[in-house]
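Some notes on the structure that comes next.
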Amino acid sequence: MSQVRSEIDRIDNALVDLITERYGYVDRAWQLKMSTREGAVVQWRIQQVIDRVKARASEKGMPPEMIEMVGAQWRNMIGWFVQYEEEKLRQVQDSSDKPGANGGA
């Protein structure tokens with residue numbers, strides 16, 4: 001049993017590492033979105049990611065209930081990332097709206 005627990009711990013660590021890596025790309029995404037009209041919420045992309053993750057879970061043979069749970073968890077994670085992006089974009093907008101922020105009087 002200790003070997004099984006050890007492997008579960010290893011996988012949990014890998015999942016955290018991968019989510020941290022994903023966070024880094026989300027952090028870069030909001031910076032790139034500053035120069036586009038694309039906001040934090042890109043509905044088609046959110047659905048594309050959810051569909052792709054659920055399809056991957058299905059391909060890997062997960063039970064249907066687990067596939068739905070994985071999709072829900074991904075939607076949850078994406079929701080947090082979207083809020084994060086919105087806040088960062090809002091902070092940049094607020095700082096550029098302040099007098100003198102762009103070198104003006």
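If you read the sequence from its start, that first residue is 1, and numbering goes on from there. None of these values were measured; they are calculated from a predicted model.
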Straight-line distance of D51 CG to R56 CZ, nearest 0.5 Å = 15.5 Å
Note: I46 and R75 closest approach over all heavy atoms is CG2-NH1, 4.0 Å
Looking only at heavy atoms, which two atoms of A40 and K33 are closest? And how far apart?
-> O-NZ, 3.5 Å
Would you mind checking if E87 and R90 are paired as a salt bridge, meaning a charged N to carboxylate O distance below 4.0 Å?
-> yes
More than 12 heavy atoms of other residues, nucleotides or ligands under 6.0 Å from CZ of R22: is that the case?
-> yes
What do you reckon, is CD of E7 surrounded by more than 12 foreign heavy atoms closer than 6.0 Å?
-> yes
Side chains of V42 and V82: closer than 4.5 Å at any heavy-atom pair?
-> no
Starting at CG of L89, measure out to CD of E86 and round the result to the nearest 0.5 Å.
-> 8.0 Å
Do Y84 and W74 belong to the same hydrophobic cluster, where Ile, Leu, Val, Met, Phe, Trp and Tyr are linked whenever their side-chain heavy atoms lie under 4.5 Å apart, directly or via other members?
-> yes
CG/D27 to CZ/F81 distance, rounded to the nearest 0.5 angstrom?
-> 10.0 Å
Any S96 side-chain heavy atom under 4.5 Å of Q93 side chain | yes
Do the side chains of E38 and L32 get nearer than 4.5 Å, heavy atoms only?
-> no
4.5 Å side-chain heavy-atom contact, V70 and K54 = no
So with a 6.0 Å cut-off around CE of M34, is the heavy-atom count from everything else above 12?
-> yes
To the nearest 0.5 Å, how far apart are CG in N13 and CG in L18?
-> 11.0 Å
Report yes if the side chains of V92 and Q31 come closer than 4.5 Å at any heavy-atom pair, otherwise no.
-> no
If you measure from CD1 on I8 to CZ on R10, what distance do you get to the nearest 0.5 Å?
-> 10.5 Å
Shortest non-hydrogen contact from I67 toward M62 = CD1-O, 3.4 Å
Would you please say whether a donor-acceptor pair under 3.5 Å links the side chains of R52 and Q47?
-> no
